[in-house]
2 protein chains.
Amino acid sequence: MPASLHKVSDSAIRRLSIYLRVLGGLEREGKETVSSQVLADRAGTTAAQVRKDLSLFGSFGKRGLGYLVTTLRDELRGILGVSRTWRVALVGIGRMGAALLEYPHFRARGFEFVAVYDSDPEKVGSRRGMLTVEDARVLEESLRETGVEIVVLTVPAGAAQEVADAAVRAGVRGIMNFAPVALKVPPGVRVNAVRLTVELEVLSFSLGSVADRD
Amino acid sequence: MPASLHKVSDSAIRRLSIYLRVLGGLEREGKETVSSQVLADRAGTTAAQVRKDLSLFGSFGKRGLGYLVTTLRDELRGILGVSRTWRVALVGIGRMGAALLEYPHFRARGFEFVAVYDSDPEKVGSRRGMLTVEDARVLEESLRETGVEIVVLTVPAGAAQEVADAAVRAGVRGIMNFAPVALKVPPGVRVNAVRLTVELEVLSFSLGSVADRD
DNA sequence: GAGTGTGAAGTAATTCACAGCG
DNA sequence: CGCTGTGAATTACTTCACACTC
């Protein structure tokens, strides 16, 4: 039962994205087919989990054989919505913003930065690769004009909510938030937070508690 | 039932780290107490979840009043293991590595970079703030000598596993991995992967499927 | 035979709801 | 009274196990 309209868990989607990455590697290695077991090993999960995840969207495998690498990759691209290009804007061009702007894997996966904003007058007007830094004061209308669909937020915590509000008013429905605040957005808008300090603190906790395996 | 030796879920720990961040903000605002409800609002979760999470480690609140901000913050620091300083090394100083090295929130939370490595001869020997970039070939012994406890990996995918192996041999038990590969490490070593492309693809999926609320 | 697809079983995480305390 | 702490109920996620297909 393919079920494309049923609710799929976030963690399942995360894993699909990882499978997609693994399939790219397998393809480069010239592999034509792959079993759920091998896929699982490379993705860091279990074979049953792989099959369950894929079965949420269809029956892509061949029994006794496994999955066709290229076919499955195309299917996953379709499911994840990355067979097209997404128009992305960066707001806040500090060191982290600059690093993301040049991050090679984004473009390779269809996420293209089409605008950059900052509120620092020193930075506004300067070039960043193909792009010119625009003034954050014109954010809303500029985002709308440029047809931006996803915003990557690397501004200080204090500025994040107002930038998010402006982006939402401009019709943006996806926000990748690096600022250390929980953003409030209306229904229909999706925020994905990247919490670098949290990741380190999870490590710190694991190393601290002795009762720890794996 | 405090239960410090029982298994606590990863997501609970992640939330504790977020609560800690929120408490810092409340403290700066001069708030002395906070209810689970307010904490939840600022952290982006529910009051029941906050109380459940905290109850895994003790009874920190006062009924009818809430939690004392400073006290709870200290408790959480102890639980997460961040009342001390952690010695961290960065391996791979591209743009992302450079951004992390200067990321102000790491140091503010007790994560201190004490060494930087790269394999590029052009970079080896150059200065990065207080640190000199060392040659990745001496990684293992240098990590050991420097007493590094956590490694942040920002090397290309192809190099990540061998760097991880060397780090593990050097006694490192925590790895924050930015490379797009699943690292294999022995039991007792904890890897935390930061998958930036996955985060964007989750957004892409959410925007793509129309059947989407929140 | 090898390996998928999937209900059913088993775990884990979250939410409810309320007794009990300050 | 207000708000915590927590068992109980619920919901979500993962693993099992095996019929089925290539």
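Each chain gets a letter, A, B and so on, in the order the sequences are listed, and its residues count up from 1.
Residue B:S11 places its side chain closer to C:dT14 than to any other of D:dC13, C:dT14, C:dC21.
Contacts between residues 26-38 of chain A and DNA chain C, defined by a heavy-atom separation under 4.0 Å, are made by A:S35, A:S36. Of the residues in residues 12-24 of chain A, those placing a heavy atom less than 4.0 Å from an atom of DNA chain D are A:R15, in numerical order. Interface residues of residues 195-203 of chain B facing DNA chain C, ordered by number: none; criterion, heavy-atom separation under 4.0 Å.
Remark: A:S142 pairs with A:Y117, A:E134, A:V138, A:T146 by the side chain to side chain contact (heavy atoms under 4.5 Å, CB included) rule, at least two apart or across chains. In this structure A:E112 satisfies the salt bridge (Lys or Arg N to Asp or Glu O under 4.0 Å) test together with A:R107, sequence neighbours excluded. In terms of the side chain to side chain donor-acceptor pair (under 3.5 Å) criterion, B:D74 has no residue partners (sequence neighbours excluded). Residues satisfying the ring-ring contact (aromatic ring centres under 6.0 Å, His included) criterion with B:F60, sequence neighbours excluded, are absent altogether. Residues satisfying the salt bridge (Lys or Arg N to Asp or Glu O under 4.0 Å) criterion with B:R77, sequence neighbours excluded, are absent altogether. For B:R137, the side chain to side chain donor-acceptor pair (under 3.5 Å) partners at least two apart in sequence or on another chain are B:D135. The side chain to side chain contact (heavy atoms under 4.5 Å, CB included) search around A:A99 returns B:R95, B:M96, B:A99, not counting sequence neighbours. For A:Y103, the ring-ring contact (aromatic ring centres under 6.0 Å, His included) partners are A:H105, A:F106, not counting sequence neighbours.
Side-chain nitrogen and oxygen atoms of B:Y67 include none within less than 4.0 Å of the OP1 or OP2 phosphate oxygen of D:dG2. Residue B:K7 places at least one side-chain N or O under 4.0 Å from the OP1 or OP2 atom of C:dA12.
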Please report the C-alpha distance between B:R195 and B:E199 in whole Å, then the side-chain angles of each, then the deciding distance to 0.1 Å, and finally whether the salt bridge (Lys or Arg N to Asp or Glu O under 4.0 Å) criterion is met.
CA-CA 7 Å; B:R195 291 178 269 246; B:E199 300 306 323; over 6 Å; no
Criterion side-chain contact (heavy atoms from CB on, under 4.5 Å) on A:Y67 and A:T33, from CA distance to verdict:
CA-CA 5 Å; A:Y67 303 87; A:T33 65; over 6 Å; no
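Side-chain N/O atoms of B:R63 and base N/O atoms of D:dT4 include a donor-acceptor pair closer than 3.5 Å.
Atom pair B:L39:CG and D:dC3:P shows a separation of 14 Å (rounding to whole Å applied). Here the P atom of nucleotide C:dG5 and the CZ atom of A:F57 are 14 Å apart, to the nearest Å. One can place CG of B:D10 at 9 Å from P of C:dA13, the figure rounded to the nearest angstrom. Regarding B:L56, its CG atom lies at a distance of 14 Å from the P atom of C:dA12, rounded to whole Å. Between A:L54 atom CG and C:dG5 atom P the separation is 7 Å, expressed in whole Å. Between B:F60 atom CZ and D:dC3 atom C1' the separation is 17 Å, expressed in whole Å.
By the neighbour-count criterion of 12 heavy atoms within 6.0 Å, atom CZ of B:R84 is densely surrounded, having more than that number from other residues, nucleotides or ligands.
Looking at A:S36, its side chain never comes within 3.5 Å of a backbone N or O of A:R51 through a donor-acceptor pair.
A:E149 has no carboxylate O lying under 4.0 Å from a charged side-chain N of A:R173, or vice versa, which leaves the two without a salt bridge. Salt bridge absent: B:E27 and B:K31 never bring a charged side-chain N and a carboxylate O closer than 4.0 Å.
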Close N/O contacts between protein and nucleotides 15-18 of chain C (under 3.5 Å):
from, atom 1, to, atom 2, distance (Å)
C:dA17, N6, B:R51, NH2, 3.4

